**Student:** 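Submitted below is the structure of interest, expressed as structure tokens.
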Amino acid sequence: MTHKHQALPMAEQVIWLIGASSGIGAALVGELQKNCKALIISARNEDKLQEVATGFDNVSIIPVDITQPSTLAQAAQQLTDRFGHIDTLVANAGTAEYVDVNHFDAALIRRVHETNFMGLVNCVEAALPLLRKSQSGYIVGVSSSVAYLPMPRAQAYGSSKAAVSHFLEAMRADLVHLGMDVSIVCPGFVKTPLTDKNDFPMPMRISAEDAARYMVKGMQKRQFEIHFPKRFSYLLKLIGNLPDFLRLRITASMSRAGTPDNKDSHS
Ligand SMILES: NC(=O)c1ccc[n+]([C@@H]2O[C@H](COP(=O)([O-])OP(=O)(O)OC[C@H]3O[C@@H](n4cnc5c(N)ncnc54)[C@H](OP(=O)(O)O)[C@@H]3O)[C@@H](O)[C@H]2O)c1
């Protein structure tokens, strides 16, 4: 049986945002702090966290490395001592690297999964006991719209995000019975240091500030899937649901693996 629960208004919430030192996370700090009671922000770079928190009375920082569960456990202990609970976890930290099949490297895939998938799982492990003490605990995990469609060069990033989406939906199926909510965030392209490195076209790219506004709007309604910009995410969902023969033709046409430059330089 599902326990009915009343979501605590965001204005009364203690929120732990992990991955807040740049990009979407840094933009989220500005949006979330004006809507919540207390915001604790984490990432590895302490100086950048300090910079992001400057000027906000209700924002404090706790540095963590999500690939090191002991740092998350220490942070959770500090949160327990200070607040006794948290109401929302926003697991936003992530990284991106792209695969060259002519130079296949399992270590690259392991690295990306260690941060994007196991890192998020580590965040949930640390936060869950604190969320269970909330009136209506809420996990927001950042996946990506790439999870809708397996694309060339995304064997590491895309599969880590598909794993994140699968994990979060499975968590929701259990946690709903404990009075908790889960949201999956699937952004399209957002202008951040992560995408500034990309050397491929990024259609319909939006600003980190717009992404943060979309996210907070979805979080206020506790939407299960928060995806934006809609014109991009619906397009990927549409292609992702085409019959194999069409979908595979479209994704193969995006590959550079067989172009003379690529084949020759790695043969
Ligand atoms: N930008 C896009 O187009 C896009 C699209 C879809 C999904 N996303 C997802 O959105 C999230 C934010 O990405 P972004 O574009 O804003 O990238 P970003 O500017 O590179 O920010 C990534 C954040 O994650 C933190 N982080 C990375 N590794 C970490 C670790 N081991 N421990 C703790 N924190 C760590 C970084 O902080 P430190 O380096 O200080 O640790 C930083 O705060 C990611 O999950 C990304 O996959 C982005």
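Numbering of ligands and ligand atoms starts at 1, following listing order. No experiment lies behind these values; they were computed from the predicted model shown.
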**Student:** Kindly determine whether T95 and R111 satisfy side chain to side chain donor-acceptor pair (under 3.5 Å), including the steps that lead there.
**Tutor:** CA-CA 9 Å; T95 187; R111 217 163 41 231; over 6 Å; no
**Student:** Just need the protein heavy atom nearest to atom 33 (C) of ligand 1, so name the residue and atom and give the distance.
**Tutor:**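 Atom 33 (C) of ligand 1 sits closest to the protein heavy atom V64 O, 3.5 Å.
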**Student:** Going by distance alone, is a donor N or O of one side chain under 3.5 Å from an acceptor N or O of the other, for H85 and D87?
**Tutor:**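 Indeed, the side chains of H85 and D87 share at least one donor-acceptor pair under 3.5 Å.
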**Student:** With a 4.0 Å cut-off on heavy atoms, is P193 touching ligand 1?
**Tutor:**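 Right, P193 reaches ligand 1.
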**Student:** For atom 47 (O) of ligand 1, which protein heavy atom lies nearest, and how many Å away is it?
**Tutor:**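 Minimum-distance protein heavy atom for atom 47 (O) of ligand 1 reads Y157 OH, 2.7 Å.
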**Student:** Less than 3.5 Å between some nitrogen or oxygen of N45 and one of ligand 1, yes or no?
**Tutor:**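 Between N45 and ligand 1 (N or O atoms, distance only) the closest approach is under 3.5 Å.
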**Student:** Considering only heavy atoms, does I66 approach ligand 1 within less than 4.0 Å through its side chain, its backbone, both, or neither?
**Tutor:**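 Both of them.
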**Student:** Does some non-hydrogen atom of G188 fall short of 4.0 Å from ligand 1?
**Tutor:**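 For ligand 1, residue contact (heavy atoms, under 4.0 Å) with G188 is present.
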**Student:** Can an N or O of V190 be found at a distance shorter than 3.5 Å from an N or O of ligand 1?
**Tutor:**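 Min N/O separation from ligand 1 is below 3.5 Å for V190.
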**Student:** Is S144 reaching over with its side chain to a backbone N or O of C186, donor-acceptor style, under 3.5 angstrom?
**Tutor:**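 Answer holds: no.
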**Student:** Donor-acceptor pair, S136 side chain versus L8 backbone, under 3.5 Å?
**Tutor:**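 Pair found, side chain donor or acceptor close to backbone of L8.
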**Student:** Within the side chain of E97, is there an N or O that forms a donor-acceptor pair under 3.5 Å with the backbone of Y157?
**Tutor:**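 Such a contact is absent between E97 side chain and Y157 backbone.
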**Student:** Would you please say whether a donor-acceptor pair under 3.5 Å links the side chains of R222 and S183?
**Tutor:**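 R222 vs S183: no donor-acceptor pair found between side chains.
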**Student:** Is it the case that ligand 1 has an N or O less than 3.5 angstrom from some N or O of N116?
**Tutor:**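 By distance alone, the answer is no.
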**Student:** Quick check: N92 and ligand 1, any N/O pair under 3.5 Å apart?
**Tutor:**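 Yes, since at least one N or O of N92 sits under 3.5 Å from an N or O of ligand 1.
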**Student:** Quick one: look up the protein heavy atom nearest atom 18 (P) of ligand 1 and list residue, atom name and how far away it is.
**Tutor:**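 Looking at atom 18 (P) of ligand 1, the protein heavy atom closest to it is S22 OG, 3.3 Å.
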**Student:** Walk me through whether H227 and Y214 qualify under ring pair (Phe, Tyr, Trp, His ring centres under 6.0 Å).
**Tutor:** CA-CA 8 Å; H227 60 104; Y214 280 122; 9.8 Å; no
**Student:** Using heavy atoms and a 4.0 Å limit, tell me yes or no: is V142 in contact with ligand 1?
**Tutor:**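 A heavy atom of V142 does come that close to ligand 1.
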**Student:** For ligand 1 and S144, I'd like to know whether there is a polar contact (N/O to N/O, distance under 3.5 Å).
**Tutor:**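 N/O-N/O distance below 3.5 Å does not exist for this pair.
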**Student:** Where is the nearest protein heavy atom to atom 28 (N) of ligand 1: which residue, which atom, and how far?
**Tutor:**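 Going by distance alone, atom 28 (N) of ligand 1 is nearest to R44 NH2, 3.2 Å.
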**Student:** So which heavy atom in the protein is nearest atom 35 (C) of ligand 1, and how far is it from that ligand atom?
**Tutor:**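 Checked against all protein heavy atoms, atom 35 (C) of ligand 1 sits closest to A93 CB, 3.6 Å.
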**Student:** Quick one: which ligand 1 atoms are inside 4.0 Å of a heavy atom on F189?
**Tutor:**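 It comes down to these atoms of ligand 1: 3 (O).
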**Student:** Keeping to residues at least two apart or across chains, list the ring pair (Phe, Tyr, Trp, His ring centres under 6.0 Å) pairs with something in residues 185-213.
**Tutor:**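 Ring pair (Phe, Tyr, Trp, His ring centres under 6.0 Å) check on residues 185-213 returns Y98-F200, F189-F232.
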**Student:** Counting N and O atoms only, with roles assigned by atom type, does the side chain of N116 sit under 3.5 Å from a partner on the main chain of G94, one being a donor and the other an acceptor?
**Tutor:**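 Flag not set: sc N116 to bb G94 has no pair under 3.5 Å.
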**Student:** Do I139 and D181 come close enough that some side-chain heavy atom pair is under 4.5 Å?
**Tutor:**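 When only atoms from C-beta onward are counted, D181 and I139 do not touch, as no gap falls below 4.5 Å.
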**Student:** Using heavy-atom distances only, which candidate in T115, T67, I24, D65 approaches atom 48 (C) of ligand 1 most closely?
**Tutor:**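 Looking at heavy atoms only, I24 sits closest to atom 48 (C) of ligand 1.
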**Student:** Does K191 have a non-hydrogen atom less than 4.0 Å from ligand 1?
**Tutor:**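 Under 4.0 Å: no for K191.
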**Student:** Which heavy atom of the protein is the closest neighbour of atom 22 (C) of ligand 1, given with residue, atom name and distance?
**Tutor:**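 Of every protein heavy atom, G94 O, 3.6 Å lies nearest to atom 22 (C) of ligand 1.
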**Student:** Looking only at the side chains, is there a donor atom on one of S60 and R82 sitting less than 3.5 Å from an acceptor on the other?
**Tutor:**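 Side chains of S60 and R82: pair found under 3.5 Å.
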**Student:** Would you please say whether a donor-acceptor pair under 3.5 Å links the side chains of T88 and W16?
**Tutor:**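 Looking only at side-chain atoms, W16 and T88 do not form any donor-acceptor pair under 3.5 Å.
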**Student:** Find all atoms of ligand 1 within a distance of less than 4.0 Å from any non-hydrogen atom belonging to G23, and give their numbers and elements.
**Tutor:**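 With G23 as reference, the close atoms of ligand 1 come out as 16 (O), 19 (O).
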**Student:** How far is atom 20 (O) of ligand 1 from its nearest protein heavy atom, and which residue and atom is that?
**Tutor:**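 The answer is L194 CB, 3.6 Å.
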**Student:** With heavy atoms under 4.0 Å as the rule, classify the contact between A211 and ligand 1 as side chain, backbone, both or neither.
**Tutor:**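 None of A211 does.
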**Student:** Measure R205 to ligand 1 on non-hydrogen atoms and call it side chain, backbone, both or neither using the 4.0 Å cut-off.
**Tutor:**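 For R205, no heavy atom sits under 4.0 Å from ligand 1.
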**Student:** If we only count N/O pairs under 3.5 Å, is A43 in contact with ligand 1?
**Tutor:**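 Checking ligand 1 against A43, no N or O pair falls under 3.5 Å apart.
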**Student:** State the atoms of ligand 1, each with its element, that fall below the 4.0 Å cut-off from a heavy-atom position in T192.
**Tutor:**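 By the 4.0 Å cutoff, the relevant atoms are 1 (N), 14 (P), 15 (O), 16 (O), 17 (O), 19 (O).
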**Student:** Counting only nitrogen or oxygen atoms and a 3.5 angstrom limit, does T95 reach ligand 1?
**Tutor:**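 No, no N or O pair falls under 3.5 Å.
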**Student:** Output yes when R249 and D244 qualify as a salt bridge under the 4.0 Å nitrogen-oxygen rule, no when they do not.
**Tutor:**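 D244 and R249: not salt-bridged.
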**Student:** For ligand 1, does T195 get within less than 4.0 Å through its side chain, its backbone, both, or neither, judged by non-hydrogen atoms?
**Tutor:**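 Within the 4.0 Å criterion, T195 contacts ligand 1 through side-chain atoms alone.
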**Student:** Which atoms of ligand 1 sit under 4.0 Å from any heavy atom of S143?
**Tutor:**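 Once the distances to S143 are compared, the set is 7 (C).
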**Student:** Judged by atom type as modelled, is there a donor-acceptor pair below 3.5 Å linking the side chain of K161 to the main-chain atoms of V142?
**Tutor:**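 Judged by distance alone, yes, a pair lies under 3.5 Å.
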**Student:** Is the closest basic N to carboxylate O distance between D199 and R153 below 4.0 Å?
**Tutor:**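 Yes, this pair counts.
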**Student:** Answer with yes or no whether the side chains of Q77 and D81 bring together a donor and an acceptor at under 3.5 Å.
**Tutor:**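 There is such a pair (donor and acceptor under 3.5 Å, judged by atom type) between the side chains of D81 and Q77.
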**Student:** Where's the contact between A20 and ligand 1, heavy-atom distance under 4.0 Å: side chain, backbone, both or neither?
**Tutor:**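 Looking at A20 and ligand 1, just backbone atoms fall under 4.0 Å.
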**Student:** I need the nearest protein heavy-atom contact for atom 42 (C) of ligand 1: residue, atom name and distance, please.
**Tutor:**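 Ranking protein heavy atoms by distance from atom 42 (C) of ligand 1, first comes S21 OG, 3.5 Å.
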**Student:** Any chain of hydrophobic side-chain contacts (each under 4.5 Å) joining L168 to L236?
**Tutor:**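 Unlinked, L168 and L236 end up in two clusters.
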**Student:** Touching ligand 1 at all, S145? Heavy atoms, strictly under 4.0 Å?
**Tutor:**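 Contact absent.
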